[in-house]
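What follows is a single structure, written as structure tokens, with notes after it.
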Amino acid sequence: MTAEPGTTLPDGVRLPASVRVERIDLLRTRRPLIRPFRTAFGRQVDREVLLVRITTPSAQGWGECATPAAPVYSAEFTDAAALVLRDHLVPRLLATGAPLSAAEVAPRLAAIRGQRMAKAALEAAVLDVQLRTAGVSLAQALGAVVARIPVGISLGIPDGGIPALLEEVDAAREAGYQRVKVKVAPGFDVAALTAIRARFGPGLGLQVDANAGYDPDDADHLAALDGLDELGLTMIEQPFAPDRLRDHARLAARWRTPVCLDESITDPVRARDAVECGAAGIVNIKPGRIGGLLASVQVRDVCRERGIPVWCGGMLETGIGRAANVALAALEGFRFPGDLSASDRYWAEDLTEPFELVDGHLDVPDTPGIGRRPLPGRLDDAEVTTVAHRNGVITTRW
Ligand code: OSB
Ligand code: MG
């Protein structure tokens with residue numbers, strides 16, 4: 001249980017022996033969302049699910065790519081991720097034919113710029129198969145400190161406006177969600193949040209996510225954000241564009257409500273810079289956006305050293321991606337309920353055994369690896385691309 005030479009694992013992380021990878025498959029399938037999800041960047045009715053499946057002589061491991069179908073959240077999107085995985089990332093990972101550890105994935109792929117969600121999917125699959133082989137759960141390997149995690153719900157901008165939103169908030173409370181996050185955009189913000197406060201009172205854990213939809217140079221936008229600052233929100237997430245660290249810092253100094261950064265935080269150095277310049281009082285950690293679970297733990301470390309609480313976000317993942325997120329959210333330093341709702345918030349039928357809400361919590365899987373795998377038959381309609389390494393030759397089939 002030591003780090004491979006040339007790699008350093010983050011604090012508290014222990015990885016078992018490397019595994020011999022025979023084949024890596026990319027699986028694509030489209031799954032309808034239970035209801036449309038609208039944010040400042042668009043309206044989504046389904047998910048283009050892209051999974052990585054790694055096969056070794058003794059086991060299989062799974063990872064999910066967090067990309068949306070269009071490059072609207074960040075520059076990444078599913079078609080591009082599938083191509084970069086097939087033609088660049090997977091061949092590089094398989095090139096030596098030597099046994100592989102998840103700790104080596106990021107260093108081996110470092111010459112490829114960006115593509116963090118694609119890289120994270122690959123690292124997650126290596127971790128899963130490596131841990132399954134050793135009989136260790138992901139939560140245990142990452143150093144989880146709790147067996148269940150408190151969860152919140154992320155509510156999109158509803159087609160039915162404020163009345164529909166109030167009903168959704170009510171249903172979320174009834175279901176046991178521990179806090180409610182509401183998507184806002186210019187034109188759908190102060191009135192909606194004021195209505196929620198008026199109806200449910202100051203005791204409701206409430207936060208907003210602007211998905212970079214506001215312009216710090218627009219007086220009307222700033223007036224709306226100042227209005228949100230009056231409502232006793234737990235945090236306001238990513239009001240401005242990802243590169244606008246200084247604007248976030250400037251406005252954070254004027255608001256009482258802590259600013260949480262999501263889109264801006266792409267790696268541990270970026271996290272350090274954002275925290276040190278005052279742009280982020282809270283950090284949302286998503287393994288896809290950060291390029292892997294191990295880098296996500298490093299972001300947690302950077303924040304912890306600076307007294308900044310973190311929490312685990314989501315990207316509408318199926319049970320595969322969610323399982324990994326739930327393990328991460330069980331680490332020390334994760335101080336707010338995650339955007340890790342139960343499976344039935346997104347899917348009529350998840351790809352895996354569903355995650356269920358019990359008393360406002362999800363149980364952290366404690367079986368080997370990520371603790372979930374696609375159920376038989378659920379991927380029968382998937383398109384499969386296979387990359388394999390045999391005797392020094394890499395073959396790709398699709
Ligand atoms: O900004 O946190 C976000 C979903 C897709 C893309 C970005 C975000 C979200 C969510 C939902 O807010 C998180 C989830 O419940 O998976
Ligand atoms: Mg967000």
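Just so you know, residue 1 is the first one in the sequence shown, and it goes up from there. Counting starts at 1 for both ligands and their atoms, in listed order.
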Evaluate Tyr73 for polar contact with ligand 1, using N/O atom pairs at a separation under 3.5 Å. no

Using a 4.0 Å cutoff against the non-hydrogen atoms of Ser154, which atoms of ligand 1 qualify? 10 (C), 11 (C), 12 (O)

Is the backbone N or O of Gly213 less than 3.5 Å from a side-chain atom of Asn211, with the two atoms forming a donor-acceptor pair by type? no

Atom name of the N, O or S atom in Asp262 that lies nearest to the Mg ion (ligand 2): OD2

Once you restrict to heavy atoms under 4.0 Å, what part of Leu340 touches ligand 1? Side chain, backbone, both or neither. neither

Kindly say whether Arg397 contributes a backbone atom to a donor-acceptor pair with the side chain of Arg86 at under 3.5 angstrom? no

The Mg ion (ligand 2) to Asp209: nearest N/O/S atom name: OD2

With a cutoff of 4.0 Å, is Lys286 in contact with ligand 1, counting heavy atoms of the residue only? yes

Within the 4.0 Å heavy-atom shell around Lys183, which atoms of ligand 1 are there? 1 (O), 2 (O), 3 (C), 8 (C), 9 (C), 10 (C), 12 (O)

Glu263 and Ser74: side chain donor to acceptor below 3.5 Å: no

Test item, Glu237 contacting ligand 1 (heavy atom, 4.0 angstrom): yes

Answer yes if Tyr346 and Leu357 sit in the same cluster of Ile, Leu, Val, Met, Phe, Trp and Tyr residues linked by side chain heavy atoms under 4.5 Å apart, and no otherwise. no

Tell me: protein heavy atom nearest atom 6 (C) of ligand 1, and distance? Met315 SD, 3.5 Å

Starting from atom 13 (C) of ligand 1, which protein heavy atom do you reach first, and at what distance in Å? Gly314 O, 3.3 Å

Tyr177 reachable from Leu316 in the ILVMFWY side-chain graph, under 4.5 Å edges: no

Find out whether the Lys NZ or Arg CZ of Arg179 is both under 6.0 angstrom from the six-membered ring centre of Trp311 and within 45° of the ring's axis. yes

Using a 4.0 Å cutoff against the non-hydrogen atoms of Asn211, which atoms of ligand 1 qualify? 1 (O), 3 (C)

Nearest neighbour in protein (non-hydrogen) for atom 16 (O) of ligand 1: Leu316 N, 2.9 Å

Nearest non-hydrogen protein atom, atom 14 (C) of ligand 1: Tyr346 OH, 3.3 Å

Does an N or O from Lys181, backbone or side chain, lie closer than 3.5 Å to an N or O of ligand 1? yes

Record the part of Thr39 in heavy-atom contact with ligand 1 below 4.0 Å; permitted values are side chain, backbone, both and neither. neither

Atoms of ligand 1 close to Asp262 [distance to a heavy atom under 4.0 angstrom, numbered from 1]: 1 (O), 2 (O), 3 (C)

Would you mind telling me which of Leu26, Leu379, Val384 makes a side chain to side chain contact (heavy atoms under 4.5 Å, CB included) with Leu51? Leu379

Hey, which N, O or S atom on Glu237 ends up closest to the Mg ion (ligand 2)? OE2

Polar contacts were defined as any N/O atom of the residue lying under 3.5 Å from an N/O atom of the ligand; does this apply to Phe37 and ligand 1? no

Asp262-Tyr73 side chain donor-acceptor pair, cut-off 3.5 Å: yes

Donor-acceptor pair, distance only, cut-off 3.5 Å: does the side chain of Arg108 make one with the backbone of Leu93? yes

Taking the six-membered ring of Tyr214, is the NZ or CZ of Arg244 close enough (under 6.0 Å from the centre) and on axis enough (within 45°)? no

Answer yes or no for Arg31 and Trp347: cation-pi contact, defined as NZ/CZ to six-membered ring centre under 6.0 Å and angle to ring axis within 45°. no

